[in-house]
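Have a look at the structure below, then the notes.
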Amino acid sequence: ILSEEIYLRRMVKMENRIHLSLLVFLLTSFLYFVSLSTYPLMEPDEARNMEIAREIVMEGRAFPPTVHGRVRYEKPPLYYYILSVFYKVFGHNEYAGRVLSAMSSVLIGIGILILAKYILGTENEFIPSVIFLTNIPILIYGRIASMEPFLTFLTFYSILLFLLYEKYKKFIYLVLSFIFVSLSFCVKGPIGLFYYLVFILSYKFVFGFKFDKKFLLFPVIFFIIVFPLFYIQEMNYSGYIYNFFVKENIIRYTSDVFRRNKTFCYFIVFVPLSFGVWLLFVKDIVMSYISFKMNNKDFLYVFLIFILVPIIVFSFSKSKMLHYVFPVFPFVSSIMAYDFDLNRFMKFLLPYLLFLYFIFIIVFPIYFKYQYNMKDKLLLIVKNVDSNVVYYGNEFYSISFYLNKTPYVSGNLNDLVNVMKDFKHGTIFIDIDDEKEVFSALKFCNLKKVLTFRIRGHTVVMINADCL
């Protein structure tokens with residue numbers, strides 16, 4: 001009787017823990033989906049991604065994708081194709097692009113749950129997932145139309161499926177792993193493949209190199225998925241493959257052409273700092289590391305190698321952005337939260353979630369509406385913009401998206417003059433610093449300032465031009 005009572009108590013305790021885990025995970029995940037349309041598109045990356053999706057759907061420019069009519073060879077097209085599907089389903093709004101990032105982030109969180117429970121044997125498997133999802137950079141990128149969450153999702157699941165194959169020896173896991181890493185290549189090129197190979201080699205180095213003939217299937221699946229996609233782009237735009245692999249990858253890594261060079265220690269410093277308030281749990285992090293080493297010594301070495309190698313490799317790059325190393329974040333959270341004290345974690349988590357909801361539902365939209373205050377103003381007059389749209393100097397992708405028009409981009413005054421002579425009528429968007437020279441060059445036109453607004457640190461002037 002006593003043993004039955006103890007058993008029942010344990011079952012009730014386990015059931016309560018499962019309910020608590022589910023509730024906490026849902027509360028954290030919901031943070032990614034709430035109020036996604038309450039702030040305008042951010043320049044340049046998010047707005048550019050949405051403008052590309054718009055041009056695919058509205059103008060049929062898909063092979064290859066374009067932005068403002070120019071071929072977008074800087075990234076492979078798969079992300080833009082998927083984004084265009086969401087645009088088609090959810091309509092012409094910010095939510096259409098952001099929900100893909102939100103879904104990708106939450107799916108990574110679910111994957112971390114699977115990793116913690118079925119591979120690592122973490123007792124409170126939801127804690128590493130919640131810590132990942134409340135990582136501020138991850139949260140920010142998960143709420144904008146960015147390819148980084150989707151790329152991280154594909155990369156992480158390719159590794160997770162490999163680990164599930166190694167444990168359960170089900171061939172389907174390995175096939176899916178190969179498919180996911182091939183798709184990651186179609187999203188951002190070699191970086192997904194790089195992370196996959198680093199993890200496989202780290203795993204084989206620690207657990208031992210044993211030849212598995214099933215891995216011979218990988219180049220076949222990779223070729224079947226990747227080759228047709230790039231071949232179609234090259235056939236429709238000669239030089240696409242060269243521009244992507246050389247200009248966007250080799251030159252990005254070896255030169256500071258994108259002006260993103262930072263100190264060598266950038267990743268070493270900011271990867272830990274990105275976990276923010278969770279670093280205050282020093283005791284729990286130390287205990288997690290010790291417990292992880294005791295229970296999963298080999299996996300600890302695999303994870304550490306996998307985390308450190310990309311950080312070191314990208315530290316030598318002339319272009320550095322924190323999202324370059326997002327694929328290591330699930331493994332960092334898995335180590336640091338392996339053995340957190342549940343009571344202390346819960347006491348801190350609930351007020352912290354309320355704080356995050358306040359920031360991302362109230363502060364975040366207000367701040368970015370102030371910084372990018374053109375949306376409401378543009379929408380008030382969008383019906384009046386029925387002529388040609390011309391950008392002089394800077395390009396602002398969000399304007400094109402909200403106006404639902406692909407502009408002509410003019411780079412110099414002579415070109416602007418010739419274009420307006422051809423167009424006769426048009427709406428011109430210029431930086432306020434260029435206002436005098438534009439008005440001087442277009443003396444033959446009847447120019448009328450319609451609107452002035454702030455965007456991406458610029459004051460933009462909207463001008464209606466009648467050049468008959």
Side-chain angles (χ1 to χ4, degrees), residues 32 41-50 52 72 74-76 78-80 82-83 97-98 100-109 111-112 131-159 180-181 183-196 198-199 244 248-249 252-253 256-276 306-333 360 364 368 456:
Y32 280 79
L41 295 174
M42 288 180 279
E43 295 276 359
D45 293 345
E46 182 185 31
R48 179 171 52 223
N49 291 337
M50 289 303 296
I52 293 171
R72 175 66 174 167
E74 287 86 347
K75 298 290 185 293
L78 181 61
Y79 171 74
Y80 303 122
I82 295 175
L83 194 64
R98 291 167 178 167
L100 174 59
S101 297
M103 290 172 58
S104 299
S105 301
V106 172
L107 285 171
I108 296 170
I112 295 172
I131 286 180
F132 170 83
L133 290 172
T134 53
N135 180 294
I136 298 300
I138 294 294
L139 188 50
I140 291 174
Y141 275 87
R143 290 178 54 87
I144 63 174
S146 169
M147 68 175 56
E148 308 309 328
F150 186 59
L151 173 68
T152 305
F153 156 71
L154 293 174
T155 304
F156 175 67
Y157 268 80
S158 68
I159 294 170
F180 270 76
V181 70
L183 291 175
S184 74
F185 195 95
C186 296
V187 169
K188 209 173 180 181
I191 188 170
L193 180 61
F194 165 74
Y195 275 105
Y196 188 72
V198 169
F199 190 90
F244 169 67
E248 181 62 21
N249 288 276
R252 177 188 288 269
Y253 186 87
D256 191 23
V257 65
F258 294 96
R259 298 179 181 178
R260 292 175 175 175
N261 194 12
K262 300 176 178 67
T263 176
F264 181 84
C265 299
Y266 173 78
F267 294 113
I268 298 172
V269 173
F270 284 98
V271 169
L273 286 180
S274 68
F275 285 88
F306 175 71
I307 292 167
L308 291 174
V309 169
I311 288 176
I312 293 171
V313 169
F314 285 112
S315 293
F316 284 100
S317 173
K318 296 296 183 181
S319 177
K320 297 182 182 73
M321 296 291 286
L322 189 59
H323 61 70
Y324 293 177
V325 295
F326 273 1
V328 309
F329 280 42
F331 300 93
V332 175
S333 63
F360 285 93
F364 198 82
F368 282 102
R456 203 179 73 197

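Taking CG from D45 and CD from E148, the interatomic distance works out to 8.0 Å, rounded to the nearest 0.5 Å. Of the inter-residue distances, the one linking F270 atom CZ with T263 atom OG1 reads 9.5 Å to the nearest 0.5 angstrom. The CG atom of N135 lies 8.0 Å from the CG atom of L322; values are rounded to the nearest 0.5 Å. Here OH of Y266 is found 10.0 Å from NZ of K320. Values are rounded to the nearest 0.5 Å. K188 NZ to F244 CZ: the interatomic distance, rounded to the nearest 0.5 Å, is 9.5 Å. With rounding to the nearest 0.5 Å, the separation of CE in M42 from OG in S146 is 9.5 Å.
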Exercise. Step by step, would you call S317 with Y324 a side chain to side chain donor-acceptor pair (under 3.5 Å)?
Worked result: CA-CA 10 Å; S317 173; Y324 293 177; over 6 Å; no
For this session: Carefully, step by step, assess E46 and R48 under the rule salt bridge (charged side-chain N to carboxylate O under 4.0 Å, His left out).
Result: CA-CA 5 Å; E46 182 185 31; R48 179 171 52 223; over 6 Å; no
Exercise. Passes side chain to side chain contact (heavy atoms under 4.5 Å, CB included), M103 versus F153? Steps please.
Worked result: CA-CA 9 Å; M103 290 172 58; F153 156 71; over 6 Å; no
Exercise. Step by step, would you call Y80 with R72 a side chain to side chain contact (heavy atoms under 4.5 Å, CB included)?
Worked result: CA-CA 10 Å; Y80 303 122; R72 175 66 174 167; 3.1 Å; yes
For this session: Given side chain to side chain contact (heavy atoms under 4.5 Å, CB included), test I191 with F314 step by step and report yes or no.
Result: CA-CA 11 Å; I191 188 170; F314 285 112; 3.9 Å; yes
Exercise. For L154 and V187, what are the C-alpha separation, side-chain angles and deciding distance, and is it a side chain to side chain contact (heavy atoms under 4.5 Å, CB included)?
Worked result: CA-CA 9 Å; L154 293 174; V187 169; 3.7 Å; yes
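In terms of heavy atoms, P149 sits closest to S105 at CB-OG, 3.7 Å. Considering all non-hydrogen atoms of both residues, P76 and C186 come closest at CB-O, 2.9 Å. When every heavy atom of I159 is checked against every heavy atom of F306, the shortest pair comes out as CD1-CZ, 3.6 Å. S333 approaches I131 most closely through the heavy-atom pair CB-CG2, 4.3 Å. Pairing each heavy atom of L100 with each of L83, the nearest pair is CD2-CD1, 4.2 Å.
In this structure, the side chain of S101 engages the main chain of I144 through a donor-acceptor pair within 3.5 Å. Judged by distance alone, with hydrogens and angles left aside, the side-chain atoms of T155 form no donor-acceptor pair with the main-chain N or O of T152 at under 3.5 Å.
Looking at residues two or more places apart in sequence or on another chain, you find no side chain to side chain donor-acceptor pair (under 3.5 Å) involving N49.
No hydrogens or angles considered: nothing links the side chains of R143 and Y32 as a donor-acceptor pair under 3.5 Å.
Side chains of I312 and F267 form no contact here, defined as non-hydrogen atoms less than 4.5 Å apart. Side-chain atoms of F194 and P310, non-hydrogen and from C-beta on, do get closer than 4.5 Å to each other. Side chains of L133 and L139 form no contact here, defined as non-hydrogen atoms less than 4.5 Å apart. Within the 4.5 Å cutoff, the side chain of F326 has heavy atoms near those of the P137 side chain. Proximity of N249 to P190: side-chain heavy atoms (C-beta onward) are separated by under 4.5 Å at one or more points. Side chains of P330 and I108 form a contact here, defined as non-hydrogen atoms less than 4.5 Å apart. Under the 4.5 Å side-chain criterion, counting only non-hydrogen atoms from C-beta, Y195 is in contact with V328. Using a 4.5 Å cut-off on side-chain heavy atoms (C-beta onward), Y196 and F180 make no contact.
Note on ring orientation: taking the six-membered ring where Trp is involved, the planes of Y79 and F150 are tilted (angle from 30° to 60°).
Between F132 and F275, the ring center distance fails the sub-6.0 Å criterion.
Taking a 6.0 Å sphere around NZ of K262, one finds it holds more than 12 heavy atoms contributed by other residues, nucleotides or ligands.
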